[in-house]
2 protein chains.
Amino acid sequence: MVTRKGTTRASILEASVDLFGGRGFAAVSLDDIAGVVGVAKQTVLYWFPSKDELLDAVLEQTASELAAVIEAAVRAAPDEPLARVEAVVNAVFRPAVRRPALLGLVREVSRLSPEHAERLTMRVRPFVRRATDYLEQEMAAGRLRQADPGLVVSLAYATVTGIATEPTALAAVEWQGTTAGLRRLRRELTEFLLAALRP
Amino acid sequence: MVTRKGTTRASILEASVDLFGGRGFAAVSLDDIAGVVGVAKQTVLYWFPSKDELLDAVLEQTASELAAVIEAAVRAAPDEPLARVEAVVNAVFRPAVRRPALLGLVREVSRLSPEHAERLTMRVRPFVRRATDYLEQEMAAGRLRQADPGLVVSLAYATVTGIATEPTALAAVEWQGTTAGLRRLRRELTEFLLAALRP
DNA sequence: ATCGCTCTCTACCATATGGTAGAAAGAGAC
DNA sequence: GTCTCTTTCTACCATATGGTAGAGAGCGAT
C-alpha cells in the first residue's frame, strides 16, 4: 500500500482517542479501532505492538495536546488569576465539546492499571505544581479566596471534566446541546468557577 | 444449599456495584463477580438472567440508596439553601469516600447503552426537577447567586462526583487519604460549592 | 418415602478477542 | 530485473466470556 509515512499511525491514534475516551478502554476491541480506521486489525498491531502500548501512546498524545492548549491559553492571558482561569476554561471548553472523548480519556485513567495512572500522573505533575504554586501566591496576595491550592486545582478540574464528560447529567436537567445551549453552558461554567475562586 | 432467601442475591448486587463502579461495566466479567461473592458463575446467572439485567438491578439499587441518603439529608437540614447544600454534600461525602464505586457507577452511566442511560435519567428526573425548582426559587429570593438553576445543579453534581471518583486527580496534587486529609477535602469541597453558590 | 420447590453446581458451547506467523504488494536502489 | 525495506493483509491460535442444559442437594408438605 502507498500512504504517506505516519498517516495510518496517526489515524489509528485519533480513532483510539475517540473510542477509548468514549466507551472506555476495556469496551473497545482492536477490531473496533481497525474498523473505524478502515484497515485490518493486524495493521493496528503492526504500528502498536499491543493494545497496552497503543493505550500508552494515546495517553501520551492526549496529554501533550491538552498541555499545549492550556499552555498557550495561560501565556496569552493577562497576568491576573481570574482572567487566567477564564482563559483556561475557554481554551479547554472548545476542544472538550467538539471531542468529548478527549476529557473522557483523561477520566478513564483512574480505571486503568496503576502503572498507567502513575505514569500519567508523573507526566502531568510539573504542570499541576506550577498551577498550585501560582494559586498559592495569588491567594496570599488576596486576589483569590483563601483555600488549599492543591485541592482547589483538583476541584476545578473535577468540575470542568465532569461537566464536559457527562452528557447524562446535562440531559437530566433537560439541557439542549444547541449553539445557544453551548454558549450558556460555557458562561455558567465560567461564572461558577470564578464565583468559587473569587476572594 | 441452605441460605436465607435473598442473601446470595444481595451479595451479588453488592459486589457488582463495587466492580462495575470501580473498573467499568465492560471490564468486569461474570466470573469476576462470582469470584468475589464466592459462588459459581451460574449462580450469578440464576439470580440475574443476563449481565445486562444485572446491570439494571445494580443501577436501580444504587439510585435508590443515593436518593434515600440525599432525601434524608435535605429533610433534616434547616430550610436555608446554603445549609441544605452543605447537608447534601456531607451526606454524600461519607458513603462516596467509603465506597468510591458508588459514584463511580453513576458516572459509568454515560458509557452505557442509551437505553440504560435513558432509563436512569427518567428515574432521577423528578429529584432533579425538585432541586432545580428549589434553587430557582431561592435565587429569585436573593439567597443564592443568580444563575441557570439546571446548569448549577449539573455543575455541583460534576464537582462532587468528579472529586469523589478521581483519586488520580487528587494524587496529582499529592493529596493524602488520611483521616485529616479527608476532613480537609470535605471542608474544601463544601467551601468551594458554597462560594460558587453564594449570592 | 417421595414429590415438588428453591438454589447451586458441573459440563458445555458459540463467539469474540488479543496476539503470532508469514505471505503479498508496492517502491526505491542498484 | 532483482534485492530489500516498509507496510498491509490473510490465516490461525489460545483464551476468555456470556450464556444454555441439565443434574444434584437441601428441605418442607403430603
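A, B, ... follow the sequence lines: proteins, then strands. Residue 1 opens every chain. Reckoned from all heavy atoms, side chains included, excluding hydrogens, waters and symmetry mates.
Which of C/dC7, C/dC9, C/dG18 sits closest to the side chain of B/Thr43 comes down to C/dC9. Side-chain atoms of B/Leu30 lie closest to D/dG19 of the nucleotides D/dT17, D/dC9, D/dG19. For B/Trp47, whose side chain is taken as the heavy atoms from C-beta onward, the closest listed nucleotide among C/dG18, D/dT8, C/dC7 is C/dC7. Distance from the side chain of B/Gln42 is smallest to C/dC9 among C/dT8, C/dC9, D/dG18. Counting only heavy atoms from C-beta on, A/Leu45 has its side chain closest to C/dG19 among C/dC7, C/dG19, C/dC9. Which of C/dT17, D/dT7, D/dC9 sits closest to the side chain of A/Ala40 comes down to D/dC9.
A heavy-atom distance below 4.5 Å is found between the side chains of B/Glu53 and B/Pro49. By the 4.5 Å heavy-atom criterion applied to side chains, A/Asp52 and A/Phe25 are counted as neighbours.
Between B/Thr8 and the phosphate of C/dC7, there is no side-chain N or O to OP1/OP2 separation shorter than 4.0 Å. Dashed line: the shortest gap from a side-chain N or O of A/Tyr46 to OP1 or OP2 of D/dT8 is not under 4.0 Å.
The closest donor-acceptor contact from the side chain of B/Arg125 to the backbone of A/Ala171 lies under 3.5 Å. With A/Arg84 contributing its side chain and A/Asp79 its backbone, the two residues share no donor-acceptor pair below 3.5 Å.
For C/dG19, its base never sits under 3.5 Å from the side chain of A/Lys51 at any donor and acceptor pair.
Protein atom NZ of B/Lys41 is 14 Å distant from nucleotide atom P of D/dA21, rounded to whole Å.
Using a 4.0 Å heavy-atom distance criterion, A/Val28 is classed as a sugar-phosphate-only contact.
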